[in-house]
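Following: one structure in structure tokens, then a few remarks.
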Amino acid sequence: MKIIYFGSSKFSLIVLENLCRAGFVPALIVSQPDKPKGRGLKSNPTEVSEYAQKTNIALIKPSSLKSGKVINEIAGFAADLFIIADYGKILPKELLSLPKIAPLGVHPSLLPAYRGPAPINWALINGDKETGVSIFKMNEGLDTGDVVLQKKIPINDADNAYTLHAKLAIEGVKVLIEAIPGLKKCICALKPQSEEFSSFAPKLAKEDGKINWGTEAIRIRNLVRATLGWPSAYAYYKNKMIKIIDSEVIFEQPQNKPSIIDRIDKEGIYVSTTRNLLKIKRLKPQGKNEMDAYSFVIGHKVAVGDKFE
RNA sequence: CGCGGGGUGGAGCAGCCAGGUAGCUCGCAAGGCUCAUAACCUUGAGGUCAACGGUUCAAAUCCGUUCCCCGCAA
């Protein structure tokens, strides 16, 4: 079984690692070109590229998949299967027809729900109780191909963007491996996705992390766990940006207007919302390391009645 | 060389601009008060003020260099 793997992100890396561990080592890895990121804007390889270099698997990072040169190079591998997980670009028709069996996508949602780049985050923002992974036959659309196999995964109360990413990536590989043996047979009998029930999960913007205090505590907490890592749920305290790392809903009626600090103890800072209190447990002030909410209180003389914005 | 914040006892901060015996809140230890306590009172331990060099009678503080952490931006 000759596999070509397309991927870029952390999610993709976990899928790739587990795939290799299971014995499906790709003949070629295709990732996004190095991009300037981080402090100093240095050009850095994607996590998948790094892995390829570390393990000495052939790697290409084309800036475009449409050039004849790139297509020829990929065609030269005569692959049986493409596996595409969070690659970041749509594959053109010429490429999709190359693999002998099929181009397979791994997507961390129950398609046709949450098509697009940020399905995990949006499932958390919306407070969903379950999500899942889908293995589908890639076509020219954005996560619109016929579904081969799906698995539902419950979302626990303790889950956040990190844990759910990891969980879905690991489950995704399992389902993928399960799907491979019977592929040839089932690939022609697939049913198309229902357009009627489809939804789109757009990429998150910095602004999506901004906390709106004029809502229920539960929704703010969902935002906190959904955006952990990036872009992070944030608010302003005395004109400084504070990212909320960990929070909890306290089922008590707030004594103050939304965004006012209702109570403080060693466990955290309790902020009023339109319904219930939001307990901030860990946070990260602008330019500082992450810390317990109480440490922040101690160093910054935070008082009951102070306001977040 | 993209822009910016920061490195001060275990934690979070003040002090730096206008150099002159290291401070605050918390934690920790011991003692006290108390039926009792995470509450309160008293006492105490713990710091080469990131590193190196310079200026000075004197540097956490001024000047220079280096290392490390973080935010923005992507």
Side-chain angles (χ1 to χ4, degrees), chain A residues 6-13 30-51 53 61-65 86-90 116-122 142 160-162 165 201-213 220 223-248 250 252 255 261-271 277-309:
Chain A
F6 294 74
S8 302
S9 69
K10 182 71 194 274
F11 173 84
S12 190
L13 174 68
V30 184
S31 192
Q32 294 268 18
D34 299 356
K35 282 186 186 156
K37 63 176 178 185
R39 232 158 276 126
L41 293 182
K42 280 185 216 107
S43 220
N44 287 306
T46 66
E47 297 182 71
V48 168
S49 298
E50 269 178 19
Y51 182 80
Q53 281 155 6
K61 353 184 212 189
S63 54
S64 166
L65 293 174
D86 224 340
Y87 171 60
K89 278 196 172 72
I90 294 190
I120 301 175
N121 305 290
W122 284 102
L142 186 57
N160 58 42
Y162 276 131
H165 255 90
K203 201 168 166 178
L204 292 176
K206 181 76 194 169
E207 188 65 12
D208 289 319
K210 183 158 191 201
I211 292 175
N212 167 21
W213 294 101
I220 300 174
L223 184 70
V224 169
R225 24 186 220 140
T227 59
L228 185 64
W230 202 88
S232 279
Y234 61 93
Y236 289 88
Y237 175 76
K238 293 183 178 166
N239 290 323
K240 287 202 173 157
M241 192 181 82
I242 310 290
K243 290 185 171 179
I244 315 285
I245 305 298
D246 193 15
S247 66
E248 188 181 327
I250 302 295
E252 281 175 34
Q255 306 298 312
I261 296 174
D262 205 273
R263 195 165 88 229
I264 293 170
D265 67 21
K266 293 189 179 180
E267 300 279 307
I269 303 171
Y270 302 71
V271 186
L277 297 175
L278 185 79
K279 174 161 96 177
I280 300 171
K281 287 155 58 172
R282 280 184 78 73
L283 51 76
K284 179 172 191 151
Q286 187 174 44
K288 288 291 187 180
N289 282 317
E290 177 181 323
M291 63 183 77
D292 293 333
Y294 191 60
S295 293
F296 181 76
V297 169
I298 280 166
H300 295 82
K301 315 216 186 302
V302 179
V304 170
D306 285 355
K307 189 176 190 313
F308 280 98
E309 279 162 41

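Every chain is numbered from 1 and lettered A, B, ... according to where its sequence line falls, protein lines coming before strand lines. Every value quoted in this text rests on a predicted model; they were computed, and no experiment measured them.
- Heavy atoms of A:K266 sit under 4.0 angstrom from primed sugar atoms or phosphate atoms, though from no base atom.
- Taking only side-chain atoms of A:I298, from C-beta outward, the nucleotide of B:C69, B:A11, B:G71 with the closest atom is B:A11.
- Each of B:C69, B:G12, B:G71 was ranked by its minimum atom distance to the side chain of A:K243; first place goes to B:G71.
- Searching all strands for a Watson-Crick or G-U wobble partner of B:U48 with both distances below 3.5 Å returns nothing.
- Residue A:K301 places no side-chain N or O under 4.0 Å from the OP1 or OP2 atom of B:U25.
- B:C68 sits 27 Å from B:U25 when the C1' atoms are compared, rounded to a whole Å.
- Nearest to the side chain of A:M291, among B:C13, B:C72, B:U25, sits B:C13.
- In terms of the ring pair (Phe, Tyr, Trp, His ring centres under 6.0 Å) criterion, residue partners of A:Y237 (sequence neighbours excluded) are, by chain and number, A:F296, A:F308.
- Side-chain atoms of A:S247 never come within 3.5 Å of backbone atoms of A:K279 as a donor-acceptor pair (strictly under, hydrogens ignored).
- Every residue two or more places apart in sequence or in another chain that forms a salt bridge (charged side-chain N to carboxylate O under 4.0 Å, His left out) with A:R282 is listed here: A:E290, A:D292.
- Regarding A:Y236, its OH atom lies at a distance of 11 Å from the C1' atom of B:G71, rounded to whole Å.
- Along RNA chain B, the nucleotide nearest A:E290 and the nucleotide nearest A:K35 are compared for position; the residue whose nucleotide lies closer to the 5' end is A:E290.
- Within the structure, a side-chain polar atom (N or O) of A:K284 is placed less than 4.0 Å from OP1 or OP2 of B:G71.
- Proximity note for A:N289 (side chain, C-beta onward) versus B:G12, B:C70, B:G71: the nearest is B:C70.
- Comparing B:C40 with B:C33, their C1' atoms sit 8 Å apart, to the nearest whole Å.
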